[in-house]
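Shown next, in structure tokens, is the structure this report addresses.
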Amino acid sequence: MIVAMQEGVDEQLIQQVIEHLVKIGFEVHRSTGARMTVLGAVGSGIDFDIRNLELLPGVQEVHRISSPYKLAGRSFRPEGTIVKLANGIEIGGNKIVVMAGPCSVESREQIFTTAEAVAKSGAKVLRGGAFKPRSSPYSFQGHGEDALKLMREAAEKFALLVISEVMEISQIPMMLPYVHILQVGARNMQNFNLLRELGKVRKPVLLKRGIAATLEELLLSAEYIMAGGNYEVILCERGIRTFETYTRNTMDISAIPIIHKLSHLPMTADPSHGTGRRDKVSPMARASVAAGADALLIEVHSNPDKALSDGAQSLFPEQFAKLMDELRMIAPAVGRKIA
Ligand code: PEP
Ligand code: MN
């Protein structure tokens, strides 16, 4: 940490700050210039709030250099994490994994038709909500365990894996036999009790960025899961809320290379929730692959106009097939392949 003192400050105040830093466990290196004094404070594992230091008399500014997340940070595993799933599918390696399917599982016919279509185009994981976090309590809330049963059956028929959202702790044991990846939705990114419980599970978790979450907050949420011993965390950018209203959210493509710099965890892009509009999903999916995404999560529906949730952002199966062809051309340009 760097503590810059105010220009021309009294030596007595500098000494007070040094004493304070030493008291909380730091080793202090002082550098005195012609006008300013800068203190370099070194110490690992010290839990402190930089605002307390900023308030000390004579302090100009304080900058944290080391990251507050230890397990999720890049230095924990500089080579990167590869999450191994069934069927030889891996997320975080050279191959980009495409997860696709409807927003919600609605009926047997819907999930089987959609699963067949996405598998034919090259998706490896079937997405679909059984528990839906809807903004309105009157909107369709999902079919629960029945949906998971149908989804697993459809996935097995077309050699796909399953990802579905877990909304609360009590759902975890019931969901485990049906899913290969547990998804934590944007609204639950800071449900710390749920995250802690998922830390005890030995199954990959896809953690979505909250609608107003910074990347540091996303990584701290990943840290909650990892602190419990579950290191199989996959992060996901799904758009954040900004002043722009043209799209449902603002898809932050820069989150992809930033997360790759800050963390060893694989990074997914969800351009469906990121834009909320079918016509903008493919361009953002292409951009995400170009930016280095390790996986994509895309909503596809056999009949989007009749969808019970997120129809407007769901691709028609033909659009998804075309997108997959495009991604197969873009991936090699950035040294990757589509799984
Ligand atoms: C979803 O994937 O269907 C979903 C609800 O996503 P998010 O949590 O990103 O809104
Ligand atoms: Mn959705």
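Counting starts at 1 for both ligands and their atoms, in listed order.
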Counting only nitrogen or oxygen atoms and a 3.5 angstrom limit, does [X] reach ligand 1?
X	result
Arg187	yes
Asp310	no
Gly185	no

**Message:** Looking at ligand 1, is there an atom of it that comes within less than 4.0 Å of some heavy atom belonging to Cys103?
**Reply:** yes
**Asked** So, do Leu219 and Ile259 sit near enough that their side-chain heavy atoms are less than 4.5 Å apart?
**Response** yes
**Prompt:** Does any non-hydrogen side-chain atom of Leu161 lie less than 4.5 Å from one of Leu126?
**Reply:** no
**Request:** To the nearest 10 degrees, calculate the angle at the Mn ion (ligand 2) involving NE2 of His273 and SG of Cys103.
**Result:** 170°
Nearest protein heavy atom with distance in Å, relative to [atom]:
atom	result
atom 4 (C) of ligand 1	His273 NE2, 3.4 Å
atom 5 (C) of ligand 1	Glu165 OE1, 3.6 Å
atom 8 (O) of ligand 1	Ala186 N, 2.8 Å
atom 6 (O) of ligand 1	Lys208 NZ, 2.9 Å
atom 9 (O) of ligand 1	Arg238 NE, 2.6 Å

**Audit row: Asp310, Arg248, salt bridge (charged side-chain N to carboxylate O under 4.0 Å, His left out) steps and yes/no** = CA-CA 11 Å; Asp310 287 349; Arg248 182 180 181 189; 3.1 Å; yes
**Message:** Students often mix this up, so state it plainly: with edges at 30° and 60°, are the rings of Phe192 and Tyr224 parallel, tilted or perpendicular?
**Reply:** parallel
**Request:** Give the atoms of ligand 1, by number and element, whose distance to some non-hydrogen atom of Glu299 is under 4.0 Å.
**Result:** 3 (O)
**Request:** Specify which N/O/S atom of Glu299 comes nearest to the Mn ion (ligand 2), by atom name.
**Result:** OE2
**Which N, O or S atom of Asp310 lies nearest to the Mn ion (ligand 2), by name** = OD2
Polar side chain donor-acceptor pair, [X] to [Y], under 3.5 angstrom:
X	Y	answer
His180	Asn87	no
Thr242	Glu244	no
Glu11	Gln15	yes
Ser104	Ser309	yes

**Test of ring centre spacing under 6.0 Å for Tyr69 and Phe76** = no
